[in-house]
Each structure stands twice: as structure tokens, then as C-alpha cells.
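Letters go in sequence order (proteins before strands), and every chain restarts at 1. Remember, predicted model here, so these are calculated numbers, not experimental data.
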Protein chains: 2
Amino acid sequence: MMNFQEGKQKFIESWGKMASDWGINRTMAQVHALLLIAAEPLTADEVMSELDISRGNANMNIRALMDWGLVHKQLRTGERKEYFYAEKDMWVVVRQIILNRKKRELEPMLKVLEEISSVENNCPESESFCTVVRDIRKFSNKANQTLDALVKADATWLSNPLFSLLR
Amino acid sequence: MMNFQEGKQKFIESWGKMASDWGINRTMAQVHALLLIAAEPLTADEVMSELDISRGNANMNIRALMDWGLVHKQLRTGERKEYFYAEKDMWVVVRQIILNRKKRELEPMLKVLEEISSVENNCPESESFCTVVRDIRKFSNKANQTLDALVKADATWLSNPLFSLLR
DNA sequence: CAGAATTTTCAAATACTTTTGAAAACAAAA
DNA sequence: TTTTGTTTTCAAAAGTATTTGAAAATTCTG
């Protein structure tokens, strides 16, 4: 049986690794991991010392996580320090991530695809171009719709019989 | 109506942008975009001059795309040069990408989650840890299964009535 | 086999991203 | 208002990733 500290380190490290594979700042993901598994909200100083990072870095990444809607601030009466805690409902976490990435990445791409789907088609090169663009557009629109559906769906999605049917 | 060269530039640029948001080398995605829309297979020299990149860079990224199974080599009898073309069936492209990322990223994460789900649980801290790890594990396993299903499904998936039901 | 065409490699250069830490800004308390 | 604790900012430093280009390896041809 693994001990708690070891498990915690592994989790933080591996969450960070996965995130950086997906184009997300590694430290941001490590802060997220730390707050996810914390029993209580943590202060910036606790994040700094647990992850051994600077104040500026901690502040910046906590802020980014709040922008993503994955972490929230808790103010305690009679205390000056700010406490931070992560949203722990995995369904909400995934939904937030999908929403953010969809908006920042998929939607701009869709816009470009729409623009360029009006390319004049009058030679073999443009023929090939137009076919591919049309296909990608069809696919991306479908993906977009499916993501919208996922986001609207509620947490019971995980056990949605429709999904087992897909198997 | 947009002209072809302009559309082509926009497409390559925006495909590269999107890829780099997702942790994929921008140039690799641009080479992919270029080959996707090409009417005919291209040589390394053509890729170099179209994208204005060095020989080493072109070679390296073409190779990576072949490793991903997104680009193939064509040898022409009587010619020394190698020609490269991209898989254009979007369903196959997406399938390849899912397969690769699943194997390189999701699966290692699942392995870590399994390891750390044996953490001894005997204090409030470990309680919180175990709960989150259990939830993430449940979720990732479901995602893994769903991706397996997607990969096994055939191209008609796009118009699968099950997916419209999700809306 | 030698020579020519082509691809591959990789150390060094460049470009890009993240982190630091000290100073500035801010906010509560005295 | 002044002091003190806390958060924010941001220029410079450190760290990563990508790109170059010339040399080495490979492969075809005569």
C-alpha cells in the first residue's frame, strides 16, 4: 500500500505532465492538482511552499485557474489572507475545460473555415483545397454540436445509456 | 469571393495555430495542412519552399507525421525523390490522432491513477485525496472506453443517430 | 566501384515560454 | 494617517522547444 505523501507527489507530477502535453502550463496544472486533493482551502503561501514555487508564479497561476472557473476564492472574516479551493465535481471540471477550450480554440477555427470556404474554385489545386476544407468544416461543426450537447447535458451523462450503446 | 492563395495561407496558419494550442508542434501541423490540401503528393523540397523552412525541419516534421500515421511516402519508379501525401479521410485522420494521444497520454495517466488509488486512507487529507482520485479514475476510464468505441466505430459515426440523440 | 542525388542527423543558434523576486499597489488595522 | 500584512505586477533571468545548416549517411546510377 502506497503512502499518502508519495501518492500526492505522483498525482501532482502526473497531472502536470498530462496538462503540458495538452498545451496547458505545467505549473498551473500542478496548482490545480494540489487544490483538487486538498481537504481544506489553501493560501497562496501554502501553494508556494508545497510546490516550491515563487510568489509571483503562484499568484499568476491561481489567477489563471480562477479565470478558467476551476478554482475559487474564499474570504474568511477576521483574516486578511485569501484562501483558494478547487471545484471538485469532475463533471463541472470537465465542462469548464471544454467550454473554455471550445471558445478559445475551436470557435476561431470554425470562423476561419467559414471564411475560407468561399475560395474560388477554378483549378485542380483549388478543387482539392475546397474538398478538404468542406470535410473539415463538416467534421468540426459536428464536433462543436456534440460538445454543446455534452456541456448542456447534466452530470448523469457518465452513466447515460446512450454512451454504453456506443461501445 | 476569396482567392485560392489567400485561403491556403489562412488555412495553413490557422491549422498550425490550433495545433500549437493543443501541444503539437506548429510546423508539423503546417506541413500537415499543406499536404492535406495539396492536389498531388509533394517532395521535401516543395514543402521547404512552400513553408519557407529548412531541410532539417521539413524532414523531421514529415517523419513525425508519418509516425503519427497521418502522412505516407510515395515512391515513383524512375525517380529518386520521395513524394509525400496526407491521409485525407477526416474520419481516419481523427481516428489516428485519438489513437496516438490516447496511447501516449491518457494511458500513462490511467496507470498512475491505478497505482495511487492504493494510497492508505487514514486521515482527513488522505480521505480527500482518495475521493478525488477515485472520481478522476472513474471519469478517465469512461473517457477511455468512449474513445475506444469511437475508434472502433466506422466512418458512418458522423451521421450516427445516437449522436443526434445526445443533443 | 565512384560519383551524384537525396535524405538524415545533430550541435549550435534562435525563438519562445515560464519563473523569479523585488518593487509597487492595495487594503485592513492601529 | 501611518504602519503592516498581503497581493499584484513586470523586467530580467532561467528554462524549453524549435530551427538551422552543414556534414555524414544512404541510396541510386552508370
Protein and nucleotides 28-30 of chain C: nitrogen or oxygen contacts under 3.5 angstrom:
none

- [ ] Apply ring-ring contact (aromatic ring centres under 6.0 Å, His included) to A:F84 and list each qualifying residue two or more places apart in sequence or on a separate chain.
- [x]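 Checked A:F84 against ring-ring contact (aromatic ring centres under 6.0 Å, His included); zero matches.
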- [ ] Please list, chain by chain and in numerical order, all residues satisfying ring-ring contact (aromatic ring centres under 6.0 Å, His included) with A:Y85, sequence neighbours excluded.
- [x]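 So A:Y85 forms a ring-ring contact (aromatic ring centres under 6.0 Å, His included) with A:H72.
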- [ ] Kindly say if B:N59 contacts the phosphate of C:dT8, meaning a side-chain N or O under 4.0 Å from OP1 or OP2.
- [x]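 Indeed, a polar side-chain atom of B:N59 lies that close.
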Open item on the list: Taking A:K103 first and then A:E107, would you say they form a salt bridge - that is, a charged N and a carboxylate O separated by under 4.0 Å?
Closed with: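 Judged by the 4.0 Å cut-off on N to carboxylate O distance, A:K103 and A:E107 do not form a salt bridge.
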Task: Salt bridge flag under 4.0 Å for residues B:E50 and B:K8 - done: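 Result for this pair is yes, salt bridge flagged.
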Task: Where chain A begins and ends its contact with DNA chain D, read 5' to 3' at 4.0 Å from heavy atoms - done: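 Span of nucleotides near chain A: D:dT4 to D:dT9.
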TODO: Only pairs at least two apart or in different chains count here, so list each salt bridge (charged side-chain N to carboxylate O under 4.0 Å, His left out) that has a residue in residues 21-37 of chain A.
DONE: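 Checked against salt bridge (charged side-chain N to carboxylate O under 4.0 Å, His left out) - neighbours excluded - the pairs reaching residues 21-37 of chain A are A:K17-A:D21.
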Task: salt bridge (charged side-chain N to carboxylate O under 4.0 Å, His left out) pairs, two or more places apart, involving residues 58-79 of chain B - done: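 Matches after skipping sequence neighbours: B:K73-B:E82.
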Open item on the list: By the side chain to side chain donor-acceptor pair (under 3.5 Å) test, which pairs, at least two apart or in different chains, include something from residues 29-43 of chain A?
Closed with: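 Output for this query lists A:W15-A:H32, A:T43-A:E46.
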Open item on the list: I'd like to know if the side chain of B:T27 pairs up with that of B:N61 as donor and acceptor (distance under 3.5 Å, no hydrogens or angles considered).
Closed with: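 Per modelled atom types, B:T27 and B:N61 side chains form no pair under 3.5 Å.
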- [ ] Go through the structure and list residues passing salt bridge (Lys or Arg N to Asp or Glu O under 4.0 Å) with A:D135, not counting sequence neighbours.
- [x]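 For A:D135 there are no salt bridge (Lys or Arg N to Asp or Glu O under 4.0 Å) partners, ignoring immediate neighbours.
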Between the protein and nucleotides 18-20 of chain C, which nitrogen or oxygen pairs come in under 3.5 angstrom?
unit_1, atom_1, unit_2, atom_2, d
C:dT19, OP1, A:T27, OG1, 2.3
C:dT19, OP2, A:N25, ND2, 3.4
C:dT19, OP2, A:T27, OG1, 3.2
C:dT19, OP2, A:N57, OD1, 3.3
C:dT19, O5', A:N57, ND2, 3.4
C:dT20, OP2, A:S54, N, 2.8
C:dT20, OP2, A:S54, OG, 3.1
C:dT20, OP2, A:N57, ND2, 3.2

Atom pairs under 3.5 Å: protein N/O with N/O of nucleotides 11-15 of chain C:
none

TODO: Name all residues meeting the side-chain contact (heavy atoms from CB on, under 4.5 Å) criterion together with B:K111; count only those two or more places apart in sequence or in a different chain, and write none if there are none.
DONE: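 In terms of side-chain contact (heavy atoms from CB on, under 4.5 Å), with neighbours along the sequence ignored, B:K111 is linked to B:E115.
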TODO: List for me each residue that meets side-chain contact (heavy atoms from CB on, under 4.5 Å) alongside A:A64, sequence neighbours excluded, and say none if there are none.
DONE: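 A:A64 satisfies side-chain contact (heavy atoms from CB on, under 4.5 Å) with A:M28 once adjacent residues are dropped.
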Open item on the list: So does A:Q96 get a backbone contact from the side chain of A:N100, meaning a donor-acceptor N/O pair under 3.5 Å?
Closed with: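 Flag set: sc A:N100 to bb A:Q96 pair under 3.5 Å.
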